[in-house]
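From a predicted model like this one, the values you see are computed outputs, not experimental measurements. Every chain is numbered from 1, with letters handed out A, B, ... down the list of sequences.
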Number of protein chains: 2
Amino acid sequence: MRTVDPVRHSAKRRHIIDTAAGCFAVKGFERTTVAEICTAAGISTGSLFHYFPSKKAIFRAIFEQDGLDNARVLSSASGWAGVLSVIDHLVAPLADRAVAGLVVELVAQAGRDPSLAALVVQNELALRDGLATLLSSCDIDPSVPPVTAASWIQGLVDGLYSRTSLDPSFDPAEQVPVLKQIVTRFLRPTS
Amino acid sequence: MRTVDPVRHSAKRRHIIDTAAGCFAVKGFERTTVAEICTAAGISTGSLFHYFPSKKAIFRAIFEQDGLDNARVLSSASGWAGVLSVIDHLVAPLADRAVAGLVVELVAQAGRDPSLAALVVQNELALRDGLATLLSSCDIDPSVPPVTAASWIQGLVDGLYSRTSLDPSFDPAEQVPVLKQIVTRFLRPTS
DNA sequence: GTCTATAACTCGATAGAC
DNA sequence: GTCTATCGAGTTATAGAC
């Protein structure tokens, strides 16, 4: 008889990931202690290490989850409206301004951990190719190759994150429509 | 009577800055030793510390120099051609792909050094405002505020750096014309 | 906790420009 | 003669091994 409910297990895992992401975003990776994550998540350290072997593993899991989320959103998107919905999904985390700091932490840690860097590259390429496939089915300017278009959508999203973290007067929520306008004028100049 | 030649002095300073920037770009800040910088620059450690009080000061000076360069280019630019020339200047460092790693180092160090972070913010805002002033004198879409347009040009340049460091198949030199096309379609949709 | 290796930084001396 | 640029061995702090 198995007493473990796989649904509960992954829900709890997800809860720890989300809580830890919030901590890392605010305080950075090194400065966040495992004890803080446990307190914030309302669990014991023993319980946490039942789900993750190390603090690094939690950090890594955040971005594995991110890759899975992107894949899910991509698979349920279609047409030009789908492209815009993927953009919405990519920028949604910025509703909490601190996540711009989380990305900074990611890049910093990736510089010190090649396997984390490999995960980042893998996620980026998967997103690029998924977006490119989606764009192929849209009525976009035929002079722009879909992979180029996809890369630049990623680049614009990167720019939104970068501006948010570097310019205190830059309000990402207010700038999302501008981002979509730029994408639209680039890829569908006549519409 | 002054025996110091200010031209020679600043030329040597500049030489050290450029050499160190190359080292930092390749190996990162912590992993490059001042001995390596000295060897690369063809000077002794004693000489290096005659020009800079610390290794951190050299790193900081790279971005102070960058801010000065940007200000110089901005002041000699005018009209739409000036906007494009500023973009050329901003992306020029990517001719050496390793500099994408230098900005990663900058972000990582800024996270640990508030005074460096302050310098970064100051440079970003100065560039934004300089670009906005330049754009005000251009014939751009009046529905886009110049400060918004300037921020997004910075965002696109950030995106180019970010894609270059994250996607090995992304060739920045080849993508610069695309960047300009995006900016043009965004700000001058009719031309 | 102690030890060692490494790397940032110091200092006194020297050479040469004015 | 004075003042500056240069040198490089020496000092000290620290990070990692055991």
Can you find a side-chain donor-acceptor pair between B/T19 and B/R14 that sits under 3.5 Å? no
Expressed in angstrom and rounded to an integer, what is the separation of B/I37 atom CD1 from D/dT6 atom P? 16 Å
Establish, for the pair A/K55 and A/F29, whether the NZ or CZ atom is under 6.0 angstrom from the six-membered ring centre and no further than 45 degrees off its axis. yes
Over how many whole Å does the gap from B/R8 atom CZ to D/dT6 atom C1' extend? 12 Å
Could you check which of D/dC7, D/dA5, C/dC9 has an atom nearest any side-chain atom of B/I43? D/dC7
Just call it for B/S47: base, sugar-phosphate, or nothing, with non-hydrogen atoms closer than 4.0 Å on any strand. base
Given atom OH of B/Y51 and atom P of D/dC7, what is their separation to the nearest angstrom? 9 Å
Quick check on the 6.0 Å ring-centre criterion: do A/F186 and B/F186 meet it? no
Indicate whether any N or O donor in one side chain lies under 3.5 Å from an N or O acceptor in the other, for A/S115 and A/R60. yes
Return the value, rounded to whole Å, for the distance between atom CD1 of B/I16 and atom P of D/dA5. 11 Å
Between the side chain of B/T184 and the main-chain N/O of B/K180, is any donor-acceptor distance below 3.5 Å? yes
Can you tell me if the side-chain N/O atoms of B/H50 get under 4.0 Å from OP1 or OP2 in D/dA5? yes
Below 4.0 angstrom from OP1 or OP2 of C/dA8, is there any side-chain N or O of B/K56? no
Using whole Å, report how far CD of B/E36 lies from P of C/dC9. 15 Å
Taking only side-chain nitrogens and oxygens of B/H9, does any of them come within less than 4.0 Å of OP1 or OP2 of D/dA5? yes
Nearest whole Å is fine: how far is C/dC9 P from B/F49 CZ? 5 Å
Considering only D/dT6, D/dG8, C/dA7, which nucleotide approaches the side chain of B/T45 most closely? D/dG8
Rounded to the nearest Å, what distance is computed from the CZ atom of residue B/F29 to the P atom of nucleotide C/dA8? 8 Å
Nearest whole angstrom, please: distance from the C1' of D/dG16 to the CD of B/E30. 15 Å
